[in-house]
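What follows is a set of notes on a single structure, which appears directly below.
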Protein chains: 2
Amino acid sequence: MAPPHPADDVTEHVGYRLKRAAAALRGAMDKALREHGLTVPQYACLELLDERPGLSNAELARGTFVTRQSMNVVLRGLQDADLISRPATTDHGRALPAHLTERGRERLHVARSAVYAIERTMVEALPRRRLAALLTDLDRMAEALGG
Amino acid sequence: MAPPHPADDVTEHVGYRLKRAAAALRGAMDKALREHGLTVPQYACLELLDERPGLSNAELARGTFVTRQSMNVVLRGLQDADLISRPATTDHGRALPAHLTERGRERLHVARSAVYAIERTMVEALPRRRLAALLTDLDRMAEALGG
DNA sequence: TTCCCCATGTCAAAATCCTGACATGGATGA
DNA sequence: TCATCCATGTCAGGATTTTGACATGGGGAA
C-alpha cells in the first residue's frame, strides 16, 4: 500500500497530469479558434451565453473561471465585434444582462464545430466506459479544492 | 448509442470539467504558495530542477508548459532571489544548465509540504481505485491533442 | 426608515504571458 | 570543407490577466 504522495517523480503527480492535459486542450483550442477570429475566453463566453442568455458580467466570469475584470474586457471585445449586446442601463439592479447577436450566434456555430472536433479527439482517445467516471472524478477534485 | 458530443449542456463537456479542475488547482496552489513567496511557475520550476538538476531554460519551459520567453523571466526572478544558479557561459553548446542553490532547496522543501497537502486533498476526494485510471486517461487525452 | 453588508460594474496600475524576431552554437549532408 | 537546418537564449512589443480600489444598487436587520 503505497502512499498517494509523495511520488518518486513529480511528473507522476495528479496536478502535473491535470496541467498537462489542460495545456494541451488550451493549445489546440487556441490554434483552432484563431482561424475563426476568436480567443478561448471569447468562445467560452459565447457558448455560455448561447445556453443561458442574459447572464451578467460577474456570472460569466464565474462560469469561465476568470475575474470580473478579465471578463469585462472580453465582453468589450465581443461587443465591439458586434457578437453580443448589452444594455447601457437597467431598471432593476446593477447587473447588465448580455445577449448574443445574430452575428454572434452564427460565429459561435461555425467555431463550435471546430471545438467539438477537438473534444471528440480527446474523448475518443480513452475507453468509452471511462468517460463518465472521469467527469465525476474531475468534479470531485474541483469541489474538494473549493472550485 | 448517444454520440459523445454535442452534449445538451456545455458544462457537461470534458473540456469544461478539465478547465474547472485545473482552475481550482491553480487557485489553491496560488493561494498556498503566496505565503511562501513563490508563484506557481516558480514552484514548478524549482520542483523540476530538484528532480533533474542541470535542465536548460528551454527544457524547463517544455516541462512546465510555457514558452521559452516566459520561463526566461521566471528564471531571472529565481536567480535574483538566489534560489537557483546558472552559469553565464558554457564550454559546449548554448544551453545553460540551471541548478538549485541551498536556499532554493530549503524554500522548495517547505513549499512542497503545502502543495502536497493540496494534492492529497484532491486525491482523497476520489475512490482510491480510480487514481491510476485517471492518470492514464489524462495522459491519453493530452497525447491525442499533441501535448 | 436607516444603517450595514454584499454583489456588481468599472477604472487604474502592475504583473504575467505570448508573438515575432534575431543572433549564436551544433549537427547534418553534400 | 562548407552550407543548410535546427535548437537555444534573448530582446522588443503587445496582448491578456490579475491585484487593488472605488462607487453604485439591493436586501436585510435594528
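In this structure, the helix from dT1(C)-dA30(D) to dA30(C)-dT1(D) shows an angle of 30° between the axis at its start and the axis at its end, each fitted on 5 base pairs and rounded to 10°.
One finds a side-chain N or O of R76(B) lying less than 4.0 angstrom from the OP1 or OP2 phosphate oxygen of dC11(D). Applying the 4.0 Å criterion to OP1 and OP2 of dG27(D), one finds that H92(A) has a side-chain N or O inside that range. Checking the phosphate oxygens (OP1, OP2) of dT10(D), a side-chain nitrogen or oxygen of R86(B) falls inside 4.0 Å.
Between the side chains of Y16(B) and E12(B), no donor-acceptor pair of N or O atoms lies under 3.5 Å.
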Counting primed atoms, P, OP1 and OP2 as sugar-phosphate and everything else as base, the B/S/- map of nucleotides 16-23 of chain D against protein heavy atoms under 4.0 Å is -SBBBB-B

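Here the side chain of S70(A) pairs no donor or acceptor atom with the backbone of V66(A) at under 3.5 angstrom.
Counting only heavy atoms from C-beta outward, the side chains of R112(A) and D50(A) approach each other to under 4.5 Å. Inter-residue side-chain proximity for L25(A) and M141(B) is flagged as unmet; no heavy-atom pair is nearer than 4.5 Å. Between N57(B) and R86(B) there is a side-chain heavy-atom pair separated by less than 4.5 Å.
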- H99(A) and I84(A): side chain to side chain contact (heavy atoms under 4.5 Å, CB included), yes or no, with the steps? CA-CA 5 Å; H99(A) 290 269; I84(A) 70 164; over 6 Å; no

- Task: Decide yes or no on salt bridge (Lys or Arg N to Asp or Glu O under 4.0 Å) for E102(A) and R105(A), but give the supporting numbers first.
- Result: CA-CA 5 Å; E102(A) 197 49 46; R105(A) 222 179 314 273; 3.7 Å; yes

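The separation between N72(A) atom CG and dA15(D) atom C1' is 16 Å, rounded to whole Å. The CE-C1' distance, from M71(B) to dT16(C), rounds to 13 Å in whole Å. As rounded to whole Å, 15 Å separates atom C1' of dA7(D) from atom CG of L60(B). If you measure from atom CG of N57(B) to atom P of dG25(C), you get 17 Å, rounded to the nearest angstrom. Going from atom CZ of R62(B) over to atom P of dG9(D) covers 9 Å, rounded to whole Å.
Pairing each heavy atom of E119(B) with each of V14(A), the nearest pair is OE2-N, 2.8 Å. A pairwise comparison of heavy atoms in L138(B) and L18(A) identifies CD1-N, 4.0 Å as the closest pair.
Side-chain rings of Y43(A) and H36(A) stay apart, their centers remaining 6.0 Å or farther from each other.
A continuous path of hydrophobic side-chain contacts links L38(B) to L100(B) [ILVMFWY only; heavy atoms under 4.5 Å].
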List every contact pair, protein side and nucleotides 2-4 of chain D side both N or O, where the distance is under 3.5 Å.
none

